[in-house]
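Report on the structure given below.
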Amino acid sequence: MEFFNSALGKNITFVRPAYFIVRGFIGIPNIKYYYVFLFFVYIVSVLGNTVVMAVIYLDHNLRTPKYIAVFNLAFVDLFGSSALMPKVLDIFLFKHDNIPYNDCLTFLFFCYTCLSMQVLNLVSLCYDRLIAIIYPLHYQVKVTHRFMLSMIASFWVFVITVVLISVGLLTRLSFCKSVVINSYFCDHGQIYRLACNDNTPNYVISFLLVLVILWLPLAFILLSYLCIGYALSKVATAQERYKAFKTCTAHISLAAIYFIPILITFTMSSNIHPNARIINLSLTSIFPPMLNPFIYVLQTQEIKVSLKKILKIRKESKITVKKVIIK
């Protein structure tokens with residue numbers, strides 16, 4: 001605890017601010033309409049992910065390892081959007097930009113936990129497709145319910161642990177420069193740079209987080225699709241290759257939606273305007289959770305069939321009830 005709470009500076013008076021100020025966009029008129037737009041995106045995200053979770057829960061044919069990962073993805077998207085957007089709307093639409101110190105760290109914890117789990121969910125779905133295509137005869141043995149649940153649980157434990165460490169390291173910082181966060185939420189990088197004592201441990205954990213939760217998953221996904229492409233090149237007919245690759249299109253779409261904006265932001269980090277950075281990262285945070293349900297409904301045959309079946313059953317039950325009432 002002394003490591004977390006010490007200022008690590010003999011001549012520095014430890015300062016823990018009562019609150020932080022989240023600045024958001026700078027010098028853009030009528031920016032409130034952008035947040036209204038994000039609100040509607042959030043509503044669609046909540047409805048879409050709730051539908052996906054309900055369909056997987058109600059249809060026993062979808063109780064497979066793959067759809068355990070899809071259910072977890074929908075849950076993380078729903079939970080992450082709900083952790084981020086209501087607070088963002090409260091800050092910028094209702095002008096409550098002064099966030100108490102402990103509330104800001106809590107806000108940071110939930111946002112980073114969900115953003116990190118979104119990436120690791122893509123890894124679990126990628127592993128599922130990798131084994132299904134490269135080892136189709138051994139898929140039922142290699143990817144079991146127990147294995148998928150264990151992998152997802154280990155991801156949750158890992159992410160919660162590293163984010164808790166990051167938050168704990170923030171509590172050892174002394175903030176005597178400024179309390180203004182140049183972001184749209186309590187951003188880890190923006191907070192530790194405000195400290196006036198040694199923030200080297202925070203920089204190190206920030207670097208490790210980016211490496212382990214962004215670059216390594218991206219490398220795994222790219223390498224997996226190279227292996228999948230090589231395996232499909234050995235398939236005899238073009239129709240078989242197309243059929244096998246079609247099962248990956250939903251996952252490829254999800255990965256592209258998530259990684260491309262982040263990679264653009266990191267690649268142009270020194271040249272990108274702060275407002276452009278906020279727009280890019282805010283859309284990355286809220287758009288994938290909205291689009292994921294549509295991608296899986298539109299590109300996954302099993303969910304489309306299941307959704308039609310559930311709607312048909314409900315329609316038939318309503319017709320039966322009306323006939324009973326008429327009689």
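Note that the coordinates shown come from a computational prediction; the quantities given were computed from them, not determined experimentally.
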Please check if [X] and [Y] belong to a single hydrophobic cluster, counting links between Ile, Leu, Val, Met, Phe, Trp and Tyr side chain heavy atoms closer than 4.5 Å.
| X | Y | result |
| --- | --- | --- |
| Val163 | Leu211 | yes |
| Ile134 | Tyr230 | no |
| Phe94 | Ile181 | yes |
| Ile133 | Leu226 | no |
| Phe40 | Phe287 | yes |

If we only count heavy atoms from C-beta on, is the [X] to [Y] side-chain gap below 4.5 Å?
| X | Y | answer |
| --- | --- | --- |
| Cys126 | Tyr225 | yes |
| Tyr139 | Asp128 | yes |
| Leu122 | His251 | yes |
| Tyr184 | Ser285 | yes |
| Ile205 | His188 | yes |
| Val212 | Phe158 | yes |
| Leu38 | Tyr35 | yes |
| Arg172 | Asn197 | yes |

Looking only at atom types and distance, does a side-chain atom of [X] sit under 3.5 Å from a main-chain N or O of [Y], one as donor and one as acceptor?
| X | Y | value |
| --- | --- | --- |
| Asn182 | Gln190 | no |
| Asn121 | Met117 | yes |
| Asn98 | Tyr19 | no |
| Arg63 | Tyr57 | yes |
| Asn72 | Ile68 | no |
| Ser45 | Val41 | no |
| Thr113 | Phe110 | no |
| Ser206 | Asn202 | no |
| Ser282 | Ile279 | yes |
| Arg277 | Ser183 | no |

In terms of the angle between their ring planes, are [X] and [Y] parallel, tilted or perpendicular, with boundaries placed at 30° and 60°?
| X | Y | answer |
| --- | --- | --- |
| Tyr42 | Phe39 | tilted |
| Phe147 | Tyr127 | tilted |
| Phe207 | Tyr203 | parallel |

From [X] atom [atom1] to [Y] atom [atom2], the distance as rounded to the nearest 0.5 Å:
| X | Y | atom1 | atom2 | answer |
| --- | --- | --- | --- | --- |
| Ile221 | Leu130 | CD1 | CG | 11.5 Å |
| Tyr101 | Thr106 | OH | OG1 | 10.5 Å |
| Leu89 | Lys87 | CG | NZ | 11.0 Å |
| Leu170 | Leu194 | CG | CG | 10.0 Å |
| Leu105 | Phe109 | CG | CZ | 11.5 Å |
| Lys66 | Ile131 | NZ | CD1 | 14.5 Å |

Stepwise side-chain contact (heavy atoms from CB on, under 4.5 Å) test for Leu214 and Phe259
CA-CA 8 Å; Leu214 180 64; Phe259 281 108; 3.5 Å; yes
On a heavy-atom basis, which atom in [X] and which in [Y] lie closest, and how many Å separate them?
| X | Y | result |
| --- | --- | --- |
| Pro65 | Met148 | O-CG, 3.3 Å |
| Ser81 | Pro86 | O-CD, 3.5 Å |
| Pro288 | Asp77 | O-OD2, 4.4 Å |

What about Phe20 and Phe107, are their ring centers closer than 6.0 Å?
no
Regarding Cys186 and Cys111, I want to know if their SG-SG distance comes in below 2.5 Å, which is how I'm defining a disulfide.
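The sulfur gammas are not closer than 2.5 Å, so no.
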Over 12 foreign heavy atoms within 6.0 Å of NE2, His145:
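Atom NE2 in His145 is crowded, with more than 12 foreign heavy atoms closer than 6.0 Å.
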